[in-house]
Amino acid sequence: MLTKRFKICGIVQGVGYRFFAVRVATSLGVKGYVKNLRDGSVEVVAQADSVEIFETLLERLRQGPASAVVSNIEVE
């Protein structure tokens with residue numbers, strides 16, 4: 001099991017981003033959590049079985065919901 005932390009920056013609070021991220025992660029079989037951070041970003045901590053799943057998750061997180069504007073994603 002692999003674990004990664006994603007910090008999504010941009011217009012990502014108040015636009016349904018957390019709900020979107022949970023829906024995407026669940027559809028990929030990813031476990032973890034999503035939360036708003038005080039600096040206006042969103043944190044996603046995810047556990048998955050393969051690097052390919054993380055690549056798909058990252059691609060979808062970059063897109064975000066229609067009302068979000070993702071400017072940057074930090075990955076740890």
Validation row: D49, M1 side chains within 4.5 angstrom (heavy atoms): yes
same_hphob_cluster(V22, Y33) at 4.5 Å side-chain heavy-atom cutoff: no
L37 with V12, same ILVMFWY side-chain cluster at under 4.5 Å: no
Distance, nearest 0.5 Å, that separates CD of E52 from CG of L28: 12.0 Å
Rounded distance [0.5 Å steps], CZ in F54 versus CD in E59: 15.5 Å
For residues 69-76, tabulate all N or O donor-acceptor pairs below 3.5 Å that involve a side-chain atom, not counting sequence neighbours.
residue: S71; atom: OG; partner: C9; partner atom: O; Å: 3.3
residue: E76; atom: OE2; partner: R5; partner atom: NH1; Å: 3.2

Residues in salt bridge (charged side-chain N to carboxylate O under 4.0 Å, His left out) contact with K7, at least two apart in sequence or another chain: D39
Residue pair L57 / E55, side-chain heavy-atom distance below 4.5 Å: no
F19 with V44, same ILVMFWY side-chain cluster at under 4.5 Å: no
K31 side, atom NZ; T3 side, atom OG1 - distance, nearest 0.5 Å: 12.5 Å
Heavy-atom closest pair, residues P65 and V15: CG-O, 3.8 Å
From S41 atom OG to F6 atom CZ, the distance as rounded to the nearest 0.5 Å: 14.0 Å
R18 side chain near V42 side chain, heavy-atom distance below 4.5 Å: yes
S27 side, atom OG; R60 side, atom CZ - distance, nearest 0.5 Å: 6.0 Å
Any Y17 side-chain heavy atom under 4.5 Å of L61 side chain: yes
From CG (L58) to CD1 (I8), nearest 0.5 Å: 8.5 Å
